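Since the model is a prediction, treat every value here as computed from it, not as a measurement.
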Amino acid sequence: MAILATLLLVITPSAIASGTTVDSNRPVFWKGEVRKSDPRLRDVPECRTSGCDRAFVGVRLPAGLRAKPGGVELAIRAVGATPDDSLGFAVYQGSKRVALVDAQIGPARSVWLPKTTAHYTVYVFYNPFVPELGSTVVRYEGLLENENSPRPSSRELLPDLEALPQRYATFETPPPFFGDAAAPGSSCFRSEVEEQHARTCLRFGQAMANVGEGPVDVRYQTPAGRRPPEVPGSQRIYRADGTFRDVPSVGTMHYHPIHSHYHFEDFSVSTLENSSGTVVATGKKNGFCMADTEMPWWARKGNAPQSYPAPRCLDRDPNSPPGVDAFKNGISRGWADEYWWALPDQMIEVSSLQDGTYTLVTRVDPADKIREVADGNNCVRVPITLSGLATATPRATLGSTPAPC
């Protein structure tokens, strides 16, 4: 047994079980790994068809923390994982399951548990969107932390979108996605060639975080079983007492016939600038299917529980009213949504450019459709060097000094 400050951390000799108790306002952690196929744990349904790890956790908060609104955050994040890796977890109290977090995209997962004194068993299970592409072993870190919510009031909790630095620029051939595919050796999806006449696609990843007090929450609906080309979206703004109001006409949801789902139009746009600041290439205004996929506020106070798991933003709400297919997507407080470089439209067409150093600029909510706290953090810039553009093997190298716009 090791005692660190006011936290109690107990590690058992077992390779698959650890005991962790949160008894203060500070976070405690544990580590584990999940194997793709592991016969050791089969005692709950979530572990009978895939590999699992198990942890024992407890809550024992002082009265001063128990009296405040909120919960105890239980979270995991994959460590060193590939974009194809994903973990979920189930929380049991005795033989009763009290929480299930089974999103299949992104490295982070979380739920809030009650602040009452209790002990739980957490089963972390292998859960990638495409199991055939997942790693054999996925390591993870677990966290327990007390979280307090705002006192109930009529105050509105607005989101605040932040553009995070772009990630991994490349001219690689993306793998097939949503029935869309690139020709062998091409950096452009078929849809990008047909819709944008693309020939050489600079691909890059980007992520948008929500650092406001409330979630970004966008909703829309269609007649049951029908998918019109465009439908209006509305933004749901929550108050500290749990009530909300819906703001209509925040933008258009556009149905993509190749991808077979809706995009929230004009959510972000990226451009390339030359050394004099002139825009020399512009990407398509991208539509996001917003979701909670990663947690940039890991171990930082203020994280909301994962409320918009991926890829649920694509799915009809099972509680849709009669005759209606309702959908929602969003980003919770303290979470971010990453759009991987290999997703369709994550690119700028650059066949007309010459080798050189440019600036890659990404703006979130460029048309100012989302009600949020401020817009000053909606844009980020990073140097990027393009070489070999006239050859069959062009290269892109991102600089290490991103900056706000």
Side-chain angles (χ1 to χ4, degrees), residues 1-12 15-34 46 52-62 65-66 68 70-81 85-93 98-103 105-127 138-149 209-211 291-310 331-338:
M1 178 181 296
I3 300 179
L4 302 176
T6 59
L7 306 183
L8 179 65
L9 178 63
V10 182
I11 304 298
T12 72
I16 60 173
S18 64
T20 302
T21 300
V22 59
D23 63 359
S24 81
N25 209 30
R26 302 180 184 179
V28 291
F29 306 91
W30 82 92
K31 295 181 180 180
E33 68 177 34
V34 177
E46 294 80 13
C52 262
D53 191 39
R54 181 176 59 198
F56 302 106
V57 304
V59 175
R60 188 181 59 212
L61 295 175
L65 292 179
R66 292 199 306 269
K68 295 181 179 180
V72 173
E73 177 187 15
L74 193 161
I76 65 169
R77 63 174 179 178
V79 179
D85 292 326
S86 178
L87 300 174
F89 67 82
V91 184
Y92 279 78
Q93 195 167 23
V98 296
L100 175 65
V101 185
D102 59 353
I105 295 176
R109 306 281 177 263
S110 84
V111 69
W112 278 13
L113 301 173
K115 291 191 176 187
T116 53
T117 298
H119 290 87
Y120 305 94
T121 305
V122 181
Y123 294 90
V124 182
F125 56 89
Y126 194 80
N127 195 44
V138 181
R139 294 181 294 114
Y140 74 91
E141 183 178 21
L143 172 150
L144 275 178
E145 182 176 37
N146 175 66
E147 287 283 1
N148 296 328
S149 298
N210 176 17
V211 297
D292 298 335
T293 60
E294 60 183 65
M295 193 184 295
W297 283 9
W298 179 260
R300 173 179 165 181
K301 290 295 182 184
N303 284 324
Q306 188 174 27
S307 303
Y308 305 90
I331 305 174
S332 301
R333 170 178 166 83
W335 285 80
D337 184 18
E338 180 187 13

field: Pair V28-T21, side-chain contact (heavy atoms from CB on, under 4.5 Å): steps then yes or no
entry: CA-CA 8 Å; V28 291; T21 300; over 6 Å; no
- request: Please list all pairs passing the salt bridge (charged side-chain N to carboxylate O under 4.0 Å, His left out) test where one or both residues lie in residues 139-149, with sequence neighbours left out.
  value: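 Found R77-E141, E145-K301.
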Closest contact, heavy atoms only, [X] versus [Y]:
X	Y	value
A291	A310	CB-CB, 3.7 Å
V124	V34	O-CG2, 3.5 Å
M295	A75	CE-CB, 4.1 Å
L61	V22	CD2-O, 4.1 Å
C52	F125	SG-CB, 3.4 Å
W112	G71	CE3-N, 3.7 Å

Measuring from atom [atom1] of [X] to atom [atom2] of [Y], what distance do you get when rounded to the nearest 0.5 angstrom?
X	Y	atom1	atom2	result
L100	Y92	CG	OH	8.0 Å
L87	I76	CG	CD1	5.0 Å
I331	T293	CD1	OG1	8.0 Å
Y140	W30	OH	CH2	6.0 Å
E73	W297	CD	CH2	11.5 Å
Q306	R109	CD	CZ	5.5 Å

Any donor-acceptor pair under 3.5 Å linking the side chain of [X] with the backbone of [Y]?
X	Y	value
N127	A103	yes
W335	A304	yes
R333	G302	yes
K115	L65	yes

Listed partners of [X] passing side chain to side chain donor-acceptor pair (under 3.5 Å), at least two apart:
X	answer
S332	D292
D102	R312
Y308	D217
S110	none

field: Set of side chain to side chain contact (heavy atoms under 4.5 Å, CB included) partners for P114, sequence neighbours left out
entry: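 Testing P114 for side chain to side chain contact (heavy atoms under 4.5 Å, CB included), a comparison that skips the adjacent residues, returns T116, Y120.
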Partners meeting side chain to side chain contact (heavy atoms under 4.5 Å, CB included) with D85 (sequence neighbours left out):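 Checked D85 against side chain to side chain contact (heavy atoms under 4.5 Å, CB included); matches are A81, T82, S135, V138.
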message: Are the side chains of T121 and R54 in contact, using a 4.5 Å heavy-atom criterion?
response: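 In short, these two side chains touch, coming nearer than 4.5 Å.
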